[in-house]
> 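Encoded as structure tokens, here's the structure I'll be asking about.
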Amino acid sequence: MTLNRRQFMQTTAAAVVLPSFGWASYPALVAQEAVQQIAPEGFSKTRVWTYGGRVPGSEIRVSQGARVQRRLSNTLPQPTTVHWHGIRIDNAMDGVPGLTQDVVQPGSSFDYDFKVPDAGTYWYHAHNRSMEQVARGLYGPLIVEEAVAPDVDRDLTLMLDDWRLDPETAQIMDDFGNGHDLSHAGRLGNLVSVNGRFDPAYSVDGGERLRLRLINASNARIFDLGLDGLTGWIVALDGMPLEGPLEVSDRFPLAPAQRVDLIVDVRAEPFGTANLVSFERDGSYGLVRFGVSGPSKPARAGITPLVPNQMPEVLVEDTPLHRMEMQGGAMRWLDTARIGETELSGQELAQLGRFWALNGNAERPAEPFLDVQKGTTHRIEFVNETAFPHAMHLHGHHFRLILQDGTLGPWRDTVLVERGQTRQIALVADNPGDWLLHCHMLGHAASGMMSWFRVT
Ligand code: C2O
Ligand code: CU
């Protein structure tokens, strides 16, 4: 429709007279500075970057198939964007600067508007200078509710983060360019928070059944988690329901960006405490306390699996196999790698803060790693030639793990590839657009582990 000039003038005039009626405006998502008690009481509050004034940003909770609309307003001193991690999203809304949108400058805004096809536990986070912006607190949970929810007494999102705070001032250390971090395990912190607090406590009833949605928002920390005073099942990974719930009998890993949904029953005695436990080199620590206040309810029977999302069928027979070599880092230093067309020596790369490469590229290359037709199935083989684990993430798609015996494993959007390991995944490239593929140890992504694929 074209408006003639007089109509155009009328439209603008109306907008000026009635600013709150003329144009639909999305709910605000304001990227802003704030202060928050991250370290234990007694320490100073920490200056953080937030969505809406708190870390994590407020939980966005919608029904499956609904639309999410948010106007990102950037009041921070750096340009930013928002990525909706794990959502099989319309490419234009994926939030990747230089690939799907321009950065949102300080003082500017951007309207995000997309549908959420799958139920599950997702999250959103900054995707410009992510290594710094996510570390400063720019993340929040995005929960998509299934039409038929499982029978639980409480649904609790627990967002884990690993902060590097100055022990004197409790402020975020701003050594983001630290070459040692970049070339080793990434930026590991010295204080773990859950939902933006150190050692939070929740009060529960004995026998209460909880759905715990764990999200790892850390830059680099791989959690090794366990339950104490709680028994139950893993029911979903990276948002996607497992065909068969997995009883938790041991520790389970949670790499950066990954999610685990648990359904657990409180087994601790009345007035006792149950814990989500983190196992570390020097011992185990409670991350979250569940204080049992009330008397015990009777124990419940087993559970039924979550209703699956509608995912494409994956047939791996005769599908092309694409090899992605993960190279570099401390102890396996790069000999050479490319930035654009230029082949640089390991030393030259190190001077540019590049320590890693994917198939010989130490930066997102001009040409995609894969250029495939919509609807085709592909296998990717991640060959980890480095001395460190990496959490490889694909945008816009979930993929299936291919297990050692060749059978299909669970759906994921981020796969942990251990040092020296080779892991295959199967991808149905059904979402058109240009999509990133990168390590979610954010310092590794910034120092070379960044690629992309195109679906047309
Ligand atoms: Cu969670 Cu490219 O990101
Ligand atoms: Cu990595």
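Please read these numbers as outputs of a predicted model, since none were measured by experiment. Remember, it's 1-based here, ligands and their atoms both numbered in the order they're listed. Numbering starts at 1 and runs along the sequence shown.
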> Does H440 have its ring centroid less than 6.0 Å away from the ring centroid of H85?
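They qualify: ring centres under 6.0 Å apart.
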> Looking at atom 2 (Cu) of ligand 1, is one of the N, O or S atoms of H395 less than 2.8 Å from it?
yes
> Looking at H444, pick out the N, O or S atom nearest to the Cu ion (ligand 2) and give its name.
ND1
> Is Q69 atom CD crowded by more than 12 heavy atoms from other residues, nucleotides or ligands, each under 6.0 Å away?
yes
> Knowing that exactly one of D174, D181, D175, D162 qualifies, which makes a salt bridge (charged side-chain N to carboxylate O under 4.0 Å, His left out) with R187?
D175
> If you define the side chain from C-beta out and look only at heavy atoms, does anything of W411 sit under 4.5 Å from V314?
yes
> Could you check which N/O/S atom of H438 is closest to atom 2 (Cu) of ligand 1?
NE2
> Among the N, O or S atoms that H390 has, which is closest to the Cu ion (ligand 2)?
ND1
> Using a cut-off of strictly less than 2.8 Å, determine whether H440 has an N/O/S atom near atom 2 (Cu) of ligand 1.
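So H440 does not count as coordinating atom 2 (Cu) of ligand 1.
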> Over 60° means perpendicular and under 30° means parallel, so tell me whether W84 and F114 are parallel, tilted or perpendicular.
tilted
> For N/O/S atoms only: which one belongs to H85 and is nearest atom 1 (Cu) of ligand 1?
ND1
> Taking both backbone and side-chain atoms into account, decide whether H125 has an N/O/S atom under 2.8 Å from atom 1 (Cu) of ligand 1.
yes
> Restricting to N/O/S atoms, is H127 within less than 2.8 Å of atom 2 (Cu) of ligand 1 or not?
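Within the cut-off used here (under 2.8 Å), H127 does place an N, O or S atom near atom 2 (Cu) of ligand 1.
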> Taking the six-membered ring for Trp, are H127 and H438 parallel (under 30°), tilted (30 to 60°) or perpendicular (over 60°)?
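Plane angle over 60°, so perpendicular.
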